[in-house]
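Since the model is a prediction, treat every value here as computed from it, not as a measurement.
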Amino acid sequence: MSATGTWNITVQTPLGPQEFTAHFDAHGDALKGRLEGSMGSEEVNGTIDGDQLTWSVNVQQPMQIQVDFDVVVDGDRLNGDAKLGMFGSAPVTGERA
C-alpha cells in the first residue's frame, strides 16, 4: 500500500496529543511531503522500506526539538513511534484522510 496521500496523524506527547496533517508523496524508497499543524508546517524528507516510513522534523514550537518518526502503514492506517529527544518516545497513530 502506498503512503502517497493525505494523512491525519496524532502523536501522544507528554504535553498532550499533538495532531497534524501529513501530505506524503512516495517515490520508490524516498518519502517527500509536508506536515501541517497548529504550530506551523515542516517539509518531510524521509525513507520507505516496504510498509515502514521514517522521517525527521525539527520542531520550533513550543520548544526546539528534533522528532524522529518510525511508522508502519497498514492499509489506510499507520502506527509507530516518534522519538522526542530527551523526552523519550511517544506513540503515533494515523489514518488516511
Side-chain angles (χ1 to χ4, degrees):
M1 173 64 65
S2 173
T4 296
T6 301
W7 296 82
N8 297 318
I9 297 177
T10 302
V11 180
Q12 297 293 335
T13 75
L15 299 174
Q18 301 296 311
E19 298 178 345
F20 56 91
T21 302
H23 305 281
F24 291 144
D25 192 11
H27 294 283
D29 63 354
L31 180 68
K32 304 283 186 193
R34 179 174 268 313
L35 303 180
E36 298 173 345
S38 62
M39 301 292 182
S41 64
E42 293 287 332
E43 292 292 321
V44 170
N45 289 297
T47 61
I48 301 168
D49 184 6
D51 293 332
Q52 184 175 9
L53 312 177
T54 57
W55 74 91
S56 298
V57 294
N58 292 311
V59 175
Q60 301 301 313
Q61 294 182 9
M63 67 185 67
Q64 291 184 347
I65 186 172
Q66 179 174 316
V67 180
D68 300 314
F69 290 86
D70 186 352
V71 302
V72 174
V73 175
D74 183 12
D76 289 334
R77 297 189 179 275
L78 60 79
N79 290 287
D81 292 302
K83 292 182 183 157
L84 309 171
M86 66 182 174
F87 298 105
S89 294
V92 177
T93 58
E95 59 185 40
R96 202 176 293 272

Minimum heavy-atom distance P91-D81, with the two atoms named: CA-OD1, 4.0 Å
Answer yes if the side chains of T54 and T47 hold a donor-acceptor pair under 3.5 Å, and no otherwise. yes
Residue pair N45, K32: steps toward the side-chain contact (heavy atoms from CB on, under 4.5 Å) verdict: CA-CA 5 Å; N45 289 297; K32 304 283 186 193; 3.0 Å; yes
First locate atom CG of L53, then atom CG of D29, and finally report the distance between them rounded to the nearest 0.5 Å. 12.0 Å
Going hydrophobic residue to hydrophobic residue with side-chain gaps under 4.5 angstrom, can you get from V57 over to F87? yes
Out of curiosity, L35 CG to F24 CZ, how far, rounded to the nearest 0.5 Å? 6.0 Å
Quick one: CZ on R77 to CD on E95, what's the gap to the nearest 0.5 Å? 5.0 Å
Measure the CG-OG distance between L84 and S89 for me, rounded to the nearest 0.5 Å. 6.5 Å
Spatial distance of atom OG1 (T4) from atom NE2 (H27) [nearest 0.5 Å]: 6.5 Å
To the nearest 0.5 Å, atom CD of E19 lies from atom CD1 of I9 at 11.0 Å
Extract all donor-acceptor atom pairs below 3.5 Å that involve side chains of residues 62-72 and protein atoms in other chains or at least two apart in sequence.
from : atom 1 : to  : atom 2 : distance (Å)
Q64  : NE2    : Q60 : OE1    : 3.1
Q66  : NE2    : D68 : OD1    : 2.7
D68  : OD1    : S56 : OG     : 2.4
D70  : OD1    : Q52 : NE2    : 2.6
D70  : OD2    : Q52 : NE2    : 3.2

Worked verdict on T10 versus Q12 for side-chain contact (heavy atoms from CB on, under 4.5 Å): CA-CA 6 Å; T10 302; Q12 297 293 335; 3.4 Å; yes
Minimum side-chain heavy-atom gap V92-L78 below 4.5 Å: yes
Heavy-atom nearest pair, W7 first then R96, reads CZ2-NH2, 3.2 Å
Run the side chain to side chain contact (heavy atoms under 4.5 Å, CB included) test against A30 and tell me which residues pass, sequence neighbours left out. none
Which atom names give the shortest non-hydrogen contact between I48 and G28, and what distance separates them? CD1-O, 3.9 Å
My understanding is that only one of H23, E42, E43 makes a side chain to side chain donor-acceptor pair (under 3.5 Å) with R34; could you say which? E43
